[in-house]
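Below you'll find the structure, written out as structure tokens, and then a few comments.
Quick note on labels: first sequence line is chain A, next is B, and so on, each numbered from 1. What you see below is based on every heavy atom in this structure, not just the backbone, and it leaves out hydrogens, waters and symmetry mates.
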Amino acid sequence: MAAKRVSSLLLSRSFTSSLASRLTGGKSACQARAISRYSTAAALEEPIKPPVNVEYTKLLINGQFVDAASGKTFPTLDPRTGEVIAHVAEGDAEDVNRAVAAARKAFDEGPWPRLTAYDRQRILLRFADLVEKHNDEIAALETWDNGKPYEQAAKIEVPMFVRLMRYYAGWADKIHGMTVPADGPYHVQTLHEPIGVAGQIIPWNFPLLMYAWKVGPALACGNTVVLKTAEQTPLSALYVTKLLHEAGLPSGVLNVVSGFGPTAGAALCSHMDVDKLAFTGSTETGKIILELSARSNLKPVTLELGGKSPFIVCEDADVDNAVELAHFALFFNQGQCCCAGSRTYVHERVYDEFVEKATARALKRSVGDPFRQEIEQGPQVDSEQFEKILRYIRAGVDSGATLETGGDRLGEKGYYIKPTVFSNVQDDMPIAKEEIFGPVQSILKFKDLDEVIRRANSSRYGLAAGVFTQNLDTANRLMRALRAGTVWINCFDTFDAAIPFGGYKMSGQGREKGEYSLKNYLQVKAVVTPLKNPAWL
Amino acid sequence: MAVQSNGNGSLDSHVKVPVPQIKFTKLFINGEFVDSVSGKTFQTIDPRNREVIAEIAEGGKEDVDLAVKAAREAFDNGPWPRLPGFERRKIMMKFADLIDENNEELATLETIDAGKLFFLCKIMEIPGAAETIRYYAGAADKIHGETLKMSTALQGYTLHEPIGVVGHIIPWNFPSQMFAMKVGPALAAGCTMVVKPAEQTPLSALYYAHLAKLAGIPDGVLNVVTGFGQTAGAAISSHTDIDMVSFTGSTEVGRLVMQAAATSNLKPVCLELGGKSPILIFDDADVDKVTELALQGTLFNKGEICVAGSRVFVQEGIYDKFLLKLKEKVKNWVVGDPFDPTSHQGPQVNKKQYDRILSYIEHGKKEGATLFHGGKPCDRKGYYIEPTIFTDVTDEMKIAQEEIFGPVMSVFKFKTVEEAIKRANATKYGLAAGVMTNNINIANTVARSIRAGAIWINCYFAFDRDSPYGGYKMSGFGRDMGMDGLKKYLVVKAVATPIYNSPWL
């Protein structure tokens, strides 16, 4: 019911700004629910022309831009309009074979693993400098292809990419094995060798950051790589890999194959000459990837998969701050984050106030052309995601959750969705159990810590969790009780280069970022040799 | 060991005191108990009644020379460093088991020698020593160096080798714990050693030497020289054949040890020295809990503990409530014979400490602090002092600045977090600090701001075998306990050799 009421209303900007001031009084939630402010955004304006040209659309194999063997291309679309940005070469099994062959040769015979670590570091540092120099074009490409706010891409994501590359460049000459005490007169040491050819499959929600998380440590360790980008967002990877070659990367070390999962992705997973696989994406696809690895050459696999991360607002919380952080935890990047705080558990003492203020905050969220300044939310990445999110919203309404605001598309063109808030959500509703990957906040009520721990953990996922409390004992308790790879206490989405990230349960296996990620790309060799008359053991 | 009703007139008649037979009074060198070269002995005194327990061999420079010679031979040519780590581990595990088997006797020795509470020795100090030895036994086969990422075509690696002959100089306040936390990691590393226990408390160390031999630690690996600091201690610090010295004691003596090391063979030293540790109590703290923690933090082991929380800073909002509760609780604090299970506090270790503490109490009164509780010796024969609390203490008073090492608490009032941090840090020491708050932001800020080696949040004395322990500033340097405590007994050697046609670098 509420959904229909909201979707039927479109109001002018002047009206909404006067509403916004009334909303801050906190008493007018009932009226607020029926009114939306974001109506003037993208829908009614011509899209801003992106300040960048698409120069690279071919596959990058063995240091060369080449067409797909089949000659096929696929269109990559502007999520603001659904119109074509460019036609991109569509790699499939044959192209993956070419790319793996190049990577194999570069690993087995080429200079890259044989360079000193110091020299590898220098190339990665030069690469970081070049990306920094081209910050704005790269950010524009990312926004155009993905729909994320340009300011977010330009001020956070590209600088973070640079930070990650420099971080892993610094690791290159600090990769240590161990000397090992033996039970008899032997000298034992372990060598941490590069694992070989790494296959990496990255998603569309953070194309550049996922590139950095995967390519950074793989190259620092001396591996060669075949990277398959998401078909929704192939552009930025081609651009930066061109820069990486300019920085001095030898041919064949990093090969980029644009294309689709069932063809190019599957070929990479099943390839007998790929020594390691790393994937970020959905849990469903993760299962297929693990299976293909098992069926082919048992290559080890790192998986970063889905999530349904709880954000727990405790009894003592300052509600205004909690609302803001919970809002950010869910709506950041159009809700397209695997670690999105998509189950907002609020203590009953502050629940009503929280719901009211969270609704008001969602209403205030500025949605529109991501190239416009001070836009908080752009369009969803493509029509498939867009439709899926709307289906979940309908499921929320149908299962009896209260739609507080949002609930429908915004405008007639592109994949914009109104920031949506559900209250009175129950644990068994689809919107509380399944990953929506969109701007849909589900608010649930809880009474005590034991209960919220049990409910937060009763998920097949375990990627992240947010805890909002000033109480040290509560914080200490929750940080250990929550079965998740990251627990953010009074913060969320803090993604430093050195902080490891990964999932419990069906959110994946392995860790990326930080020192932990090096392990994904190293093979351990134990070397043993007898000692004659050792002075000590 | 016999247990008898106590006939000593000054003690409570219901206290059962085990009378131990003193089995070991000589130096332990190269696996044998021997007299000192000079033939001299010194008396070790029972602080409960000021009576002599035993005559102990007094080791001097010549005895230290003999002990070092044995340790040197055991290191250079003996089996200990040449045993695989798991074999050292096995022997150390046996050593720990023997300590447990002799718990009661060791606890008794510790109580009569140091005046420590008997039941705590039984359930904490002696089992703790065994557990520490086991912790490091488990570390013996986990000592790793690294293989390196060389910038040219070289295979590089590091070996973490035992440093050699170690000198340990240990204090009298926790004779068993200190013995285990120094000897345990050194044995695990494959070192050999000379231990000098404090002259006030020589008994348990000699007993441990006996158990070590029974466990199978080869002769010469662990030598114990009882004696005084100026003679035996100085001989260890300045010995040119000792490779490293580990010392726990006062800041004054720590300076002498380091000077001697510098002027002899530049041996590295690890120093655990004095403290004047703050306990910061914030407005939101649970009064009942923090009062208990503050009281224990100051009075535990009669205040003879380097991490004593001897400066208690209380935020103004909770200050009055804190004092009320403190008054109530300190009344129930029982000073008495350490064998009496109802006692909270035994006698100070000896006359010197006793006199020193009483003179600090006089200073406190003279400088204008308010005597809130106690302040006098107890009416008993031994070195017993009332638990003493001063309020209205100002930061520049002697009792606020110097380590008293007795049951004396100084209470201060503060307003803001910033002020508390500033005043807590205004000391030459930096051993530990207590932070009492349930506010996560205050706890995090203060934990990082206090310049001290251990921060205990909503707890105190949270010692743990796996938790490294040591000082900032003039409280010393280096760490005991934990895997960090093992490092100082190892020396790093880098080995490099050319490699040709490597498929990766």
(Q) Would you say CZ of Phe328(A) has more than 12 non-hydrogen atoms from neighbouring residues, nucleotides or ligands within 6.0 angstrom? (A) yes

Q) Which residues in residues 494-505 of chain B have any heavy atom lying under 4.5 Å from a heavy atom of chain A? A) Ser502(B), Pro503(B), Trp504(B), Leu505(B)

Q: Would you mind checking which part of Glu87(B) comes under 4.5 Å of any heavy atom in chain A, side chain (CB onward), backbone (N, CA, C, O), both or neither?
A: neither

Q. By a 4.5 Å heavy-atom criterion (distance strictly below it), what part of Asn77(B) contacts chain A: side chain, backbone, both, or neither?
A. neither

Q: Indicate the ring-plane relationship of Phe463(B) and Phe461(B), choosing parallel, tilted or perpendicular according to the 30° and 60° boundaries.
A: parallel

Q) Below 4.0 angstrom, N of the basic side chain to O of the carboxylate: do Asp450(A) and Arg477(A) qualify? A) yes

**Q.** Ionic contact status for Asp119(A) with Arg122(A), cut-off 4.0 Å
**A.** no

Q: Using a cut-off of under 4.5 Å on heavy-atom pairs, state which of Pro81(B), Pro84(B), Gly145(B) scores highest against chain A.
A: Gly145(B)

Q. When only pairs under 4.5 Å are counted, which of Ile143(B), Ile442(B), Leu148(B) shares the most heavy-atom pairs with chain A?
A. Ile143(B)

Q | Heavy-atom pairs under 4.5 Å with chain B, option from His192(A), Gln189(A), Arg114(A), Arg120(A) with the top count | A | Arg114(A)

**Q.** Non-neighbouring partners of Asp466(B) that pass side-chain hydrogen bond (donor to acceptor under 3.5 Å, both in side chains), sequence neighbours left out
**A.** Tyr135(B)

Q) Hey, are Thr437(B) and Asp284(B) close enough side-chain-wise for a donor-acceptor pair under 3.5 Å? A) yes

Q) Can you list the residues that meet the salt bridge (charged side-chain N to carboxylate O under 4.0 Å, His left out) rule with Asp173(A), with sequence neighbours excluded? A) none

Q. Can you tell if the side chain of Pro113(A) reaches within under 4.5 Å of the side chain of Asn223(A), non-hydrogen atoms only?
A. no

(Q) Taking every non-hydrogen pair under 4.5 Å, which of Val180(A), Leu191(A), Asn471(A), Asp183(A) racks up the most with chain B? (A) Asp183(A)

**Q.** Positive for side chain to side chain contact (heavy atoms under 4.5 Å, CB included) with Val197(A), one of Val225(A), Asp273(A), Asp275(A), Asp108(A)
**A.** Asp275(A)

(Q) Strictly less than 4.5 Å between heavy atoms, which residues of residues 526-537 of chain A line up against chain B? Please order them by number. (A) Pro534(A), Ala535(A), Trp536(A), Leu537(A)

Q: Classify the ring geometry between Tyr157(B) and His187(A) as parallel (under 30°), tilted (30 to 60°) or perpendicular (over 60°).
A: tilted

Q | Engaged part of Ile489(A) at the chain B interface, taking heavy atoms whose separation is under 4.5 Å | A | side chain

Q | Side chain proximity check, Trp112(A) to Leu115(A), heavy atoms < 4.5 angstrom | A | yes

Q | Distance-only side-chain donor-acceptor flag, Lys149(B) / Thr116(A), under 3.5 Å | A | no

Q. Do Asp473(A) and Asn438(B) get their side chains close enough for a donor-acceptor pair, meaning under 3.5 Å?
A. yes

Q) Under a 4.5 Å heavy-atom cut-off, does chain B meet the side chain of Thr474(A), its backbone, both or neither? A) neither

Q: Return the option, out of Pro162(B), Gly190(B), Pro79(B), Ala153(B), with the maximum number of heavy-atom pairs under 4.5 Å with chain A.
A: Pro162(B)

Q) Does Met165(A) reach the side chain of Leu219(A), with side-chain heavy atoms less than 4.5 Å apart? A) no

